[in-house]
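Let me begin by presenting the structure, written as structure tokens, before commenting on it.
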Protein chains: 2
Amino acid sequence: MQKNSHTDKTQAFFNICHQHQLKVTPQRVAIYRQLLNSDTHPTADAIYQNVKQEYPNISYDTVNRTLLTFAEIGVVDVVEIFGGAKRFDPNVTNHHHLHCTQCGKIIDFQNRTYDNLHVPEDVGKNFQVISKRVVLKGLCKDCRP
Amino acid sequence: MQKNSHTDKTQAFFNICHQHQLKVTPQRVAIYRQLLNSDTHPTADAIYQNVKQEYPNISYDTVNRTLLTFAEIGVVDVVEIFGGAKRFDPNVTNHHHLHCTQCGKIIDFQNRTYDNLHVPEDVGKNFQVISKRVVLKGLCKDCRP
DNA sequence: GTGATTGCAAACCTTTTGCACGCCA
DNA sequence: TGGCGTGCAAAAGGTTTGCAATCAC
């Protein structure tokens with residue numbers, strides 16, 4: 001199952017690259033695989049550090065540029081931050097965020113009601129909404145007094 | 001009316017400073033006044049450029065540090081961004097954001113329904129929610145094809 | 001073969017830090 | 001007066017850019 005699912009995703013990646021006329025380079029594959037293993041919202045540097053383990057010659061630029069490219073074609077999302085380094089989200093399905101104002105952590109959560117939020121009419125007239133996200137700011141379990 | 005409102009806000013600023021044991025320096029007042037005039041989400045540099053007009057000797061650091069201090073005491077909000085320089089929001093009342101993925105603009109909007117979003121029980125158990133914001137990503141009027 | 005992609009290095013932009021001086025309370 | 005706040009300058013951190021060599025198609 002796991003193995004199959006992984007193969008499927010690799011195949012999907014090939015397809016996506018072809019759809020967008022991107023060449024399938026070993027670097028891109030390695031970065032993509034690393035993203036699949038991420039359960040957080042890694043920075044470009046975090047991805048770089050991990051990919052470097054199995055691919056010592058890769059440069060930080062390549063990682064950064066590849067992530068930006070991935071963001072353009074919808075393979076990753078760029079996550080909203082409040083300063084600091086960009087963060088990338090391999091989970092492009094609709095979900096929402098908890099943001100701890102103390103430690104800066106960003107935690108995913110699912111909520112059907114939030115997914116189905118109605119876009120106000122006056123907003124929809126002047127703005128074409130592509131995705132919706134609820135961001136709850138506050139204190140996480142570890143930072144709560 | 002305007003004048004009164006402005007005086008009120010200045011008075012409020014004095015009170016806030018005293019509450020937090022902050023000294024009321026001319027720089028802080030100038031930065032605060034500049035914030036009141038902002039209708040967008042200025043960067044530290046934008047504030048700096050404007051304050052410099054009436055206060056040529058001020059340094060960028062002072063502006064930046066002051067804004068961070070203001071954020072700590074709740075005079076401004078740090079706005080969620082997707083990369084680039086920090087943005088500060090002088091509007092600390094509850095509101096929501098449209099984010100144009102094309103030009104990067106962030107537009108405020110009000111919505112009572114969004115203000116009153118119910119926090120899911122399983123979230124509330126592990127996270128103390130302080131504020132809620134809906135971020136709608138998409139294309140603004142100018143960028144829409 | 002050809003154009004896209006990579007690696008490297010430098011440049012750039014923003015934010016942070018240390019320190020001496022000056023000013024507000 | 002004492003200590004907070006400011007200005008300056010340098011450092012640090014992250015991102016972007018230009019270019020030559022390389023690789024996928």
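Each chain gets a letter, A, B and so on, in the order its sequence line appears, and its residues count up from 1.
Atom CD of B/Glu72 and atom C1' of D/dG5 are 14 Å apart (whole Å). Rounded to an integer number of Å, the gap from CZ of B/Arg28 to P of C/dA25 is 10 Å. Between the P atom of C/dG7 and the NZ atom of A/Lys52 lies a distance of 12 Å, rounded to the nearest Å. Protein atom NZ of B/Lys86 is 14 Å distant from nucleotide atom C1' of C/dC13, rounded to whole Å. Put simply, CG on A/Leu68 is 15 Å from C1' on C/dT6, counting in whole angstrom units. Rounded to an integer number of Å, the gap from CZ of B/Phe88 to P of C/dT14 is 12 Å. As a whole-Å value, the separation of B/Leu22 CG from D/dT6 C1' is 14 Å. For B/Ile81 and C/dC13, the CD1 to C1' distance is 13 Å, given to the nearest whole Å.
For A/Lys23, counting side-chain heavy atoms from C-beta on, the closest listed nucleotide (D/dC4, C/dC8, D/dA24) is D/dA24. Of the listed nucleotides (C/dT5, C/dA9, C/dG7), C/dA9 has the atom at the smallest distance from the side chain of A/Asp61. Nearest to the side-chain atoms of A/Ser59 among the listed nucleotides C/dC24, D/dT6, C/dG7 stands C/dG7.
Contact check for B/His95 versus B/Asp115: no side-chain heavy atoms found under the 4.5 Å cut-off. With a 4.5 Å cut-off on side-chain heavy atoms, B/Glu72 and B/Leu68 do not count as touching. The shortest side-chain heavy-atom distance between B/Lys137 and B/Phe82 falls under the 4.5 Å cut-off.
For B/Asn57 and D/dG7, the shortest distance from a side-chain N or O to OP1 or OP2 is not below 4.0 Å. Distances shown here put a side-chain N or O of A/Asn64 below 4.0 Å from the OP1 or OP2 atom of D/dT16. The shortest distance between the side-chain N/O atoms of B/Tyr60 and the OP1/OP2 oxygens of D/dC8 is not below 4.0 Å. For the pair B/Gln27 and D/dG7, the criterion of a side-chain N or O lying under 4.0 Å from OP1 or OP2 is met. Look at B/Thr25 and you won't find any side-chain N or O under 4.0 angstrom from OP1 or OP2 of D/dC4.
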| field | B/Thr69 vs B/Thr66, side chain to side chain donor-acceptor pair (under 3.5 Å): CA-CA, chis, key distance, verdict | value | CA-CA 5 Å; B/Thr69 306; B/Thr66 301; 5.7 Å; no
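Contacts of B/Arg65 with the nucleic acid, taken as non-hydrogen atoms under 4.0 Å apart, include base atoms. Counting non-hydrogen atoms under 4.0 angstrom, B/Leu67 reaches nothing in the nucleic acid. Contact annotation for A/Asp45: no contact, since no heavy-atom pair falls under 4.0 Å across all strands.
Mapping B/Arg87 and B/Pro26 onto DNA chain C by nearest heavy atom places B/Arg87 at the nucleotide closer to the 5' end. In terms of position along DNA chain C, the nucleotide closest to B/Ala44 lies nearer the 5' end than the nucleotide closest to the other residue of the pair B/Val24 and B/Ala44.
A/His97 and A/Glu80 share a donor-acceptor pair across their side chains, judged by distance under 3.5 Å alone.
Between A/Tyr32 and A/Phe14, the distance separating the two ring centers is not shorter than 6.0 angstrom.
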